[in-house]
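Below is one structure, written out as structure tokens; the observations come after it.
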Amino acid sequence: MSGRKRKQSWESEDQTKPHDKDRSDGVHVKSGMVKSHYFLDYHQRLGEQFFNQPCISLAKALLGKVLVRLRADGVELRGRVVETEAYLGGEDRASHSAGGKRTERNTAMFMTPGTIYVYPIYGIYLCMNVSSQGEGAAVLLRALEPLQGLPLMRELRAARRKEGARTLKDKELCNGPSKLCQALDIQRCFDRRDLSSDPEVWLETEPQRGPQEADLHAVVSAPRVGIDSHGEWATKPLRFYLRGHHCVSVLDKQAERLAPSPENTSFFDSSSVDGRSTELN
DNA sequence: ATCGGGATTGCCT
DNA sequence: GGCAATCCCGATG
């Protein structure tokens with residue numbers, strides 16, 4: 001698998017170790033300074049070549065990649081992408097760019113692949129997308145597995161909740177498109193920024209130690225969430241998630257009953273090997 | 001100037 | 001599982 005290679009041709013030398021100087025002090029977490037193991041590995045920032053692929057392809061390729069947010073206070077927040085949705089533009093009636101419609105809001109969808117598209121939803125929330133190859137096409141990030149900076153994530157998420165509400169479990173920190181924006185402090189002003197060059201937010205491959213997390217899960221393809229009113233486009237399987245992963249926002253049991261296509265299947269049956277099979281039923 | 005819908009979440013039953 | 005919250009955006013007149 002090419003994903004195992006130490007170095008990818010699309011990654012230029014100056015992009016592979018972003019903010020190296022910030023790493024040693026990027027994990028001040030209250031007391032007990034604990035360096036997470038993520039600092040011990042060589043991270044590879046994804047560059048423009050990675051993002052320059054068709055929308056559905058990018059939506060699948062993003063699974064297992066790590067979203068990183070470096071805050072002004074030096075804290076780094078990390079989460080592994082476990083669920084995405086493709087919005088194709090053009091014929092895709094559910095896309096903000098349906099029919100090639102270009103507005104002030106969705107301009108980022110038409111920009112260079114790797115451009116962040118952040119939009120407000122229901123007045124109070126945000127969603128984060130990544131533009132892909134294809135006119136007006138973009139991938140919505142729907143869920144992450146929290147990896148680093150969980151205390152701050154919990155703090156950021158709690159700010160919007162009732163005082164005294166129960167503490168959120170780890171898996172509840174980023175299991176929704178707007179939840180992950182809150183937990184990683186993704187702001188509206190991140191709209192139109194470039195993931196391959198921005199100093200405050202980027203994507204990485206996982207540390208290369210054994211099989212990648214994404215390799216241990218089959219990919220489930222399911223209809224997208226919350227777009228019931230868009231005719232045939234509501235049913236197309238343009239949502240993708242890591243089967244059996246406990247951080248996915250909404251499981252689709254019907255979709256999971258379908259045999260995964262060979263290209264999406266690892267050499268393991270995830271439900272029997274990943275120790276999380278309780279999530280399946 | 002006004003109106004209607006929305007790629008969601010959290011809380012309540 | 002239902003439903004209110006809450007307001008931006010884009011379309012329309």
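Convention: sequence-line order gives letters A, B, ...; per-chain numbering from 1.
Residue E172(A) contributes atom CD, which lies 16 Å from atom C1' of dT8(B) at whole-angstrom precision. Between I121(A) atom CD1 and dG6(B) atom P there is a gap of 10 Å when expressed in whole angstrom units. Residue I227(A) contributes atom CD1, which lies 14 Å from atom C1' of dT8(B) at whole-angstrom precision. With rounding to whole Å, R239(A) atom CZ is found 10 Å from dT8(B) atom P. Between the CG atom of N129(A) and the C1' atom of dT8(B) there is a distance of 14 Å, given to the nearest Å. In this structure, CZ of R160(A) is placed 15 Å from P of dT8(B), rounded to the nearest angstrom. If you measure from atom CD of E83(A) to atom P of dA7(B), you get 15 Å, rounded to the nearest angstrom. As a whole-Å value, the separation of R166(A) CZ from dC11(B) P is 8 Å.
Remark: G176(A), P177(A), S178(A), K179(A) in residues 175-184 of chain A come within less than 4.0 Å of DNA chain B through at least one heavy atom.
Look at dT6(C): it lacks any Watson-Crick or wobble partner with both distances under 3.5 angstrom. Using the Watson-Crick or G-U wobble rule with both distances under 3.5 Å, dA7(B) pairs with nothing in any strand shown.
Cation-pi geometry between R105(A) and Y117(A) is not met: the NZ or CZ atom fails to fall both under 6.0 Å from the ring centre and inside 45° of the normal.
Scanning both residues, S131(A) and M111(A), for their nearest heavy atoms gives OG-O, 3.4 Å.
For R157(A), the listed nucleotide lying nearest its side chain is dG10(B); candidates were dC8(C), dG10(B), dA7(B).
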Nucleotides 10-13 of chain C: which of its N/O atoms have a protein N/O under 3.5 Å away?
from, atom 1, to, atom 2, distance (Å)
dG10(C), OP1, T103(A), OG1, 2.2
dG10(C), OP1, R105(A), N, 3.1

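Comparing Y125(A) and R188(A) along DNA chain C, the residue whose closest nucleotide (by nearest heavy atom) sits nearer the 5' end is Y125(A).
Each of L141(A), L77(A), V130(A) was scored for a side chain to side chain contact (heavy atoms under 4.5 Å, CB included) with L67(A), with one residue passing: L141(A).
Side-chain to base pairing of Y122(A) with dA5(C): no donor and acceptor N or O lie closer than 3.5 Å to each other.
Ring geometry for H96(A) against Y119(A) counts as perpendicular: the plane angle is over 60°, on a 0 to 90° scale with 30° as the lower cut.
Between E83(A) and R239(A) there is a salt bridge, since a side-chain N of the basic residue sits under 4.0 Å from a carboxylate O of the acidic one. Contact check on E76(A) versus R69(A) returns no salt bridge, with no Lys/Arg side-chain nitrogen under 4.0 Å from an Asp/Glu carboxylate oxygen. A salt bridge between R224(A) and D92(A) is present, with a side-chain N of the basic residue lying under 4.0 Å from a carboxylate O of the acidic one.
Counting only N and O atoms by type, the side chains of E85(A) and Y241(A) include no donor and acceptor under 3.5 Å apart. With 3.5 Å as the limit, one finds no donor-acceptor pair spanning the side chains of E48(A) and S196(A). Between the side chains of K179(A) and N175(A), a donor-acceptor pair is found at a separation under 3.5 Å.
Between R102(A) and dC9(C), a side-chain N or O to OP1/OP2 separation shorter than 4.0 Å is absent.
Base contact: L140(A) has a heavy atom under 4.0 Å from a base atom. Nucleic acid contact class of M128(A) (heavy atoms, under 4.0 Å, all strands): none. R142(A) comes within 4.0 angstrom of sugar-phosphate atoms only, judged by non-hydrogen atoms across all strands, and of no base.
Under the stacking criterion of a centre-to-centre distance below 5.5 angstrom and an interplanar angle below 30°, Y119(A) is not stacked against the six-membered ring of dA7(B).
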